[in-house]
Amino acid sequence: MRKLIIIYLFLTSSLFAQKSTNKWFPKYQFEASKFLSAPREYGPSTRWWWPGNDVTNDELRREIKVLAENGFAGVEIQPLTMGVNLGSSKDIINRIYSWDTPSFYEHLKAVMEQAQISKVTVDMNGGSGWPLGGQFFDPKESMRTLGIADSILVAGTVFNGHIPMMKIKKMVSFGAQGNEVKPEWGILQSLVAAKVLKLKGKQAILDNQSIINLTDKVKDHKITWQVPSDGQWRLIASWSIPSGEEPSLIAKRGTNYVIDHLDPKVVNKAYDYLLGERTGLEKFYGNPLRAVFNDSYEFHTNRIISPDFLQVFKQQNGYDIAPYLGSVFKKGYNHPVYLAAPYYSDLSPYMIDSVNQWRLIYDYDRTVNKVFTENFIKTSNNWMRKRGMLHRTQAYGFPIEPIGSAGSADLPETEQLFADGSEGALKLATSGGHLYNKPIISQESFVAINRAEMTTPQKIKVWADKSLACGVNHFIYHGTPYKYNNGEFPKEGWNTWSSPFLPMVGFSSGLNESDPFWNDLKFINQYLTRCQYALRAGKPQHDVLIYFPFVNFSEDQIEVNPEETMIAGYFEGIEPKLGNATPSRKTPIYEWYKKLWKTVNELEAKGITWEFVNDNALQTAKFEQGKWTINGNQYQVLALSHLPYINLKTAQHIKALNKTGARIWAIGEMPTQQPSYLDHTQNDAITKALMSEIGISKYTQNTDANLPIQTITQKVRFEEKTGWSRQINRVMADGSIVKFISNKSKEWQTIRLSIDNSLSNHYWFNAENGKAITTKGNMVSYRLSPYGSIFLVASPKPMQFTEGETVTDEGKEITRLDNWNIQIGENNFENSKLFDWRTNEKTKYSSDKGIYTTAFNFDGVEKGKKYFLELGEVYYKASVKINGIEAGERLFAPYKLEITSLLKQGSNNIEITIITTRRNGFIGEAIKGNKQYLQFRFKEKTIVPSGLVGSARITAL
């Protein structure tokens, strides 16, 4: 009966999941005719920051309309206190801190009603700030941590008294504080006695054979026990106790606790409260309320513990961890990186096996992953699904196995802040989404630390293209501040993450109507919408699986790919280099990545698509149709690259599949050990033998140099190495391939491809203008502009689309435009050469419009020729008039416009308006002592290029 109930619950849950996902993300195939005018429903969303609850219904409705008009498909509401003046008047503060009040839910109602009219989806942050929490539950139900307390015992005596009690030191961190934790809230996990062999600083080395489990002898937190007469003994109590953590930036005064995310009962109670009947939100479930979002899990826990942890651990690992909890405890271990760093050199309070303690930690971490995904992510999924919604989450923040955690979410999300936006981290989340068939992988996008006011249209495109090639297909801008100015802010208003009231913080991007590029977002969003439409169609297709063996990944353990761009938001050659936000630790994960990039870059340069695979997914793999098959996804090869170890069950399974023909690339030496503690000597020997057999299999290719790429079958194949490219494939039901190719370099590049005869119709689709060009023959090529991108669509059937034109760097120079009259604000420069505004004392701190005018003589249009204005370097938007007539504008490279129809014989006038960023102007205000720009003090060395720098010329083709 119990088995039948479990099967019923599983099937019911799966049905809810399928219905919810299909409702929001119905499966479809790419239709060329839809590409030009891809519906707004495929567009990006934005994180919509509210200054707590100091908002009005009229303004909320207006902003929903404005966002819809500018191509946004959805919003994510986040009420928080970031960047506001906490010293404001009492009335203002009362409004800011009135989250979770009737007025707050009235504001949500106004948003929901307008969103229904404007056809905008709404995601809600899980409460205010993060992680999820507040005042609506008993503090004993707050987030817990493993704690260790001990007593020194006197040999030969009888211990009769209270067991050691854990105490929590309050921790204050970014935007949050530590709350009171009472000792009586602690729950004993184990009490053991052990002989101490020696002390190593603050760490005690225990005699493993002496450990005695006394947990069952404890009554009312007291114990009577006869201490052995030989040696030094310790009484070690392991506790589950609240951490006292408060949600960061929560817009609620008083004492707020983070809920216990590892207790499903508490999680369900939290959602019942925050989204249930009392809120009036029920009638908006599923329309327009799409999802609840939980941000990255920045828990202030030393070691994660759950109510069922000891039981789950034993089921998963085959032994009892209770006697060894002191050996896996470590201060700061499960903190987010910005809190964990001070504790990296700390040791566990106890050690039982100096050689194999890492295995105990591995087993504990594996169980942390299990209880986190089951007790929180899947519990959240189920609560939302039953109500026609989804759970969207960034399933990381503490050391974790990131592939399975991402794959467990309804709507997995990654971000450009985490791990400095490295593709090594982005691909972990997208791999999880693909392996577990999640149709959408979202991303907190266009954000970097310390780069406020550096976000430009070109940068958004480069950022987006990198993420698209990694598998992201749903951008969520970070973000849009509610229009808010109570007189305390400059004329631009409140910018949530760049504020004079928190001057040490300067995140990008705060994109609302005050931003100089706001009017360009509609065009940018059209580009993103077309890309997202194409890259949600069909299903992802990857050639190579790369095994990822780790279960304790954190963002500071990545060595970034030396060939990737936009690390920590740095746009090389354009912005000041400020350094990475997250310094790397040289751990086994770091060393693994360092060796991996050679393989990855060789794959990318030949157009071979790849992604990561974790133990859980790999252990379910089948060998079907000559390919590795996981949840219906097929791969040609499994790459085992420089592995420090391999899970025994994984090794056994891949050995069985390899024996039947499943192909393996063994890159570097094969591992000789498995990571679990149970029977580790015996299991290491088994693992070594298995991997040795795999290594000599006829279906395994051993390499540490050039990969056997020629063995990969591709219907679209690169004809030459292209180290400048990144790409991703989607495959349709009829076998059509949609291939996205991005040029990550600042140079013009040519891509040359050979296409299989079965795909006899192929086209280049340009997401910038929505148009396409037909190609002929099996060998095709395309000239990609600096930072350009293109879609190749290859199909067995012809397609209907809007015909476009090719733009290249070809052409003969007719006239060089050297002398200009330039107006920058109140500064005028006559008959001037072009220059970067930073190089002139009058303009280096200017963010005004630049007006450039010049004239040139022209002999007249020759038949069969086209004429172009090429501007060269532009920072950052150029709007052009030729002879008083609008010729167009450019936001991205190439800054090139066809002007044939606008030219006349004789003298021709050119007028160019340049829009630059606000950064230099804001720094100038700070230099003048304007306190409303306090966050830009001492930033003189970080001004950015501005203006039309050129060289500018007229060319003919």
Side-chain angles (χ1 to χ4, degrees), residues 46-56 59-60 63 75-99 104 107 125 127-130 172-177 246-253 256 295-296 298 338 415 417 444 446-455 476-516 518 569 581 917-919 921-923 925-926 930-939:
T46 191
R47 182 168 293 179
W48 191 17
W49 295 302
W50 295 7
N53 190 37
D54 194 5
V55 296
T56 68
E59 179 59 21
L60 292 170
E63 291 190 24
V75 296
E76 173 212 313
I77 298 171
Q78 167 60 287
L80 77 178
T81 60
M82 185 70 193
V84 300
N85 181 8
L86 299 180
S88 287
S89 69
K90 183 178 179 181
D91 287 345
I92 292 173
I93 291 297
N94 285 343
R95 289 195 298 272
I96 290 172
Y97 280 98
S98 61
W99 168 73
F104 174 72
H107 293 147
N125 182 70
S128 170
W130 75 96
V172 179
S173 68
F174 179 74
Q177 64 183 28
E246 177 185 70
S248 294
L249 304 174
I250 187 169
K252 188 76 171 179
R253 282 179 295 193
N256 299 277
D295 213 323
S296 52
E298 297 170 17
Y338 62 88
E415 63 179 285
L417 284 173
E444 180 183 339
F446 318 129
V447 53
I449 297 173
N450 297 326
R451 296 192 178 273
E453 304 300 334
M454 293 189 195
T455 302
I476 298 174
Y477 281 76
H478 182 287
T480 299
Y482 173 88
K483 188 176 182 180
Y484 182 68
N485 199 339
N486 51 24
E488 302 172 324
F489 297 95
K491 63 182 184 296
E492 296 84 12
W494 174 56
N495 188 343
T496 318
W497 292 89
S498 176
S499 167
F501 299 107
L502 199 63
M504 71 289 296
V505 175
F507 287 39
S508 63
S509 308
L511 296 172
N512 63 7
E513 291 160 283
S514 73
D515 189 88
W518 174 259
T917 74
R918 300 183 295 193
R919 184 174 181 87
F922 286 0
I923 291 172
E925 288 296 316
N930 188 336
K931 293 183 178 180
Q932 291 187 321
Y933 299 91
L934 196 62
Q935 68 272 35
F936 290 96
R937 281 196 312 172
F938 313 123
K939 300 290 194 300

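Residue numbers count from 1 along this sequence.
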Exercise for the section: Give the ring-plane orientation class for Trp494 versus Tyr484, where under 30° counts as parallel, over 60° as perpendicular and anything between as tilted. Expected result: perpendicular
Practice task
Apply the test side chain to side chain contact (heavy atoms under 4.5 Å, CB included) to residues Ile93 and Arg253: give CA-CA distance (whole Å), side-chain angles for both, the deciding distance (0.1 Å), then the verdict.
Solution key: CA-CA 10 Å; Ile93 291 297; Arg253 282 179 295 193; 3.6 Å; yes
Fill in the blank from the handout: Sorted by chain and residue number, the side chain to side chain contact (heavy atoms under 4.5 Å, CB included) partners of Asn512 (sequence neighbours excluded) come out as Thr480, Pro481, Ser514
Fill in the blank from the handout: Tested for side-chain contact (heavy atoms from CB on, under 4.5 Å) against Thr81, the lone hit among Phe501, Tyr97, Trp99 is Tyr97
Exercise for the section: Could you go through the side chain to side chain contact (heavy atoms under 4.5 Å, CB included) check for Leu502 and Met82 one step at a time? Expected result: CA-CA 8 Å; Leu502 199 63; Met82 185 70 193; 3.0 Å; yes
Problem - Which atom of Pro79 lies closest to which atom of Gly127, heavy atoms considered - result: CD-O, 3.9 Å
Handout entry: side-chain contact (heavy atoms from CB on, under 4.5 Å), paired with Asn53, selected from His107, Lys252, Arg95
Key = His107
Exercise for the section: Measure across Trp518 and Leu511 and return the closest heavy-atom pair with its distance rounded to 0.1 Å. Expected result: CZ3-O, 3.5 Å
Exercise for the section: Indicate yes or no for a side-chain donor-acceptor contact from Gln78 to the backbone of Gly129 under 3.5 Å, with no hydrogens or angles considered. Expected result: yes
Handout entry: Step-by-step side chain to side chain donor-acceptor pair (under 3.5 Å) determination, Ser248 to Glu298
Key = CA-CA 9 Å; Ser248 294; Glu298 297 170 17; 5.5 Å; no
Handout entry: Salt-bridge contact Arg47-Glu444 (side-chain N to carboxylate O under 4.0 Å)
Key = yes
Exercise for the section: For the residue pair His478 and Trp497, categorise the inter-ring angle as parallel (less than 30°), tilted (30 to 60°) or perpendicular (more than 60°). Expected result: tilted
Completion exercise
Minimal heavy-atom distance between Val84 and Phe489, with the atoms involved, is CA-CZ, 4.2 Å
Exercise for the section: With sequence neighbours excluded, tell me which residues meet side-chain hydrogen bond (donor to acceptor under 3.5 Å, both in side chains) with Ser498. Expected result: Gln935
